[in-house]
Amino acid sequence: ASMLHTQWIGTRLVYFDETDSTNTRARKLAEEGAPHGTLVVADRQTAGKGRRGKSWVSPAGTGIWMSMVLRPSMSPMSASMLTLIAGLAVVRGVKESTGLEAMIKWPNDAVLNGKKICGILTEMSTEVECIRYVIPGIGINVNMDGFPEEIKATATSLKLEAGRSIKRSLVIAAVADNFEYYYDIFMKTCDMSGLRDDYNKSLVNLGREVLVLDPRGQYKGKALGIDGEGSLLVRREDGNVSAVISGEVSVRGI
Ligand code: BTN
């Protein structure tokens, strides 16, 4: 029985005790015709994927490893903003289910007390400028009691921050609920114009100094929030405002 109270996410729910990567599974299911809203959840991933070709450590019993199959008709540019919708759904879902106030680190992470609790990897398949499907993959550190030395300073779990174990199914259900809610608003315009205020309220970077690693030359500035296209607006030291496009550049807090 499913613990979800969603309208369409998880109408088809595929669960694995163990799989290579829920994103890879979701992709295969999508190729086989899986419907919009298919939800893939695993207890453990043996080949979890992070961004920039990195691996994502996904042990059994402690994390949420989930991916969705979405089939919106929109441009790839719009579809890439679904990463932002997933980030918003995670922070609001975590707040509702645990009371913990996570924040979004633009564009792909959620952080709690300055440490990473969630990473999002969105993959898509396109055909002549049209979306065939989009797979937002969400990894949340829930009940880990500690992290390897290399990432200890930058990673945390809901349990470590709350001081108690967290029931994963409650968090999954709340994230899925919130994703549906924000997805509906997003679909009215296929951009972030109706959601930028909500998004900016949860943005950890807001008002902070950031270092923009642009291949054409790095610069410092102050993050002003996202615009309707999901770009991060950064006021440079000379007063000019740049719109930073996710994927093109990397942003660091200083
Ligand atoms: C990152 O921060 O680098 C993104 C990490 C994304 C991890 C999730 S876990 C569920 C889904 N399946 C994967 O293989 N990756 C994503």
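For ligands, and for the atoms within them, numbers begin at 1 and follow the listed sequence. For this chain, numbers begin at 1 and follow the sequence in order.
- Among protein heavy atoms, the minimum distance from atom 8 (C) of ligand 1 is reached at Gly139 N, 3.6 Å.
- Of the candidates Lys49, Arg51, Gln45, Arg25, the one placing a heavy atom closest to atom 15 (N) of ligand 1 is Lys49.
- Between Ser58 and Arg44, the side chains place no donor N or O within less than 3.5 Å of an acceptor N or O (distance only, hydrogens not considered).
- Thr22 OG1, 3.2 Å is the protein heavy atom nearest to atom 10 (C) of ligand 1.
- Ring geometry for Phe179 against Trp8 counts as perpendicular: the plane angle is over 60°, on a 0 to 90° scale with 30° as the lower cut.
- The contact set between ligand 1 and Met66, taken as ligand atoms under 4.0 Å from a residue heavy atom, comprises 10 (C).
- Considering only non-hydrogen protein atoms, atom 5 (C) of ligand 1 sits nearest to Trp56 CE3, 3.4 Å.
- The pair Arg51-Asp109 meets the salt-bridge criterion, with a side-chain N (NZ, NE, NH1 or NH2) lying under 4.0 Å from an Asp/Glu carboxylate O.
- Using a 4.0 Å cutoff on heavy atoms, Ile138 counts as a contact of ligand 1.
- Under 4.0 Å from ligand 1, not a single heavy atom of Ser58 appears.
- For the pair Gly48 and ligand 1, a heavy-atom separation below 4.0 Å is found.
- We find that Asp238 and Arg236 are not joined by a salt bridge, their nearest charged nitrogen and carboxylate oxygen being 4.0 Å or further apart.
- A salt bridge is absent between Lys222 and Glu237; no separation between the charged side-chain nitrogens and carboxylate oxygens falls under 4.0 Å.
- Close contacts of ligand 1 with Ile120, meaning ligand atoms under 4.0 Å from a residue heavy atom, involve 4 (C).
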Evaluate the salt bridge (charged side-chain N to carboxylate O under 4.0 Å, His left out) criterion for residues Asp145 and Lys159: first the C-alpha distance (whole Å), next the side-chain angles of each, then the deciding distance (0.1 Å), finally the verdict.
CA-CA 7 Å; Asp145 290 308; Lys159 182 180 180 182; 2.9 Å; yes
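- Ligand 1 has Lys116 within reach: a non-hydrogen atom of the residue lies less than 4.0 Å from it.
- Using a cut-off of 4.0 Å between Lys/Arg side-chain N and Asp/Glu carboxylate O, Arg132 and Glu31 are scored as salt-bridged.
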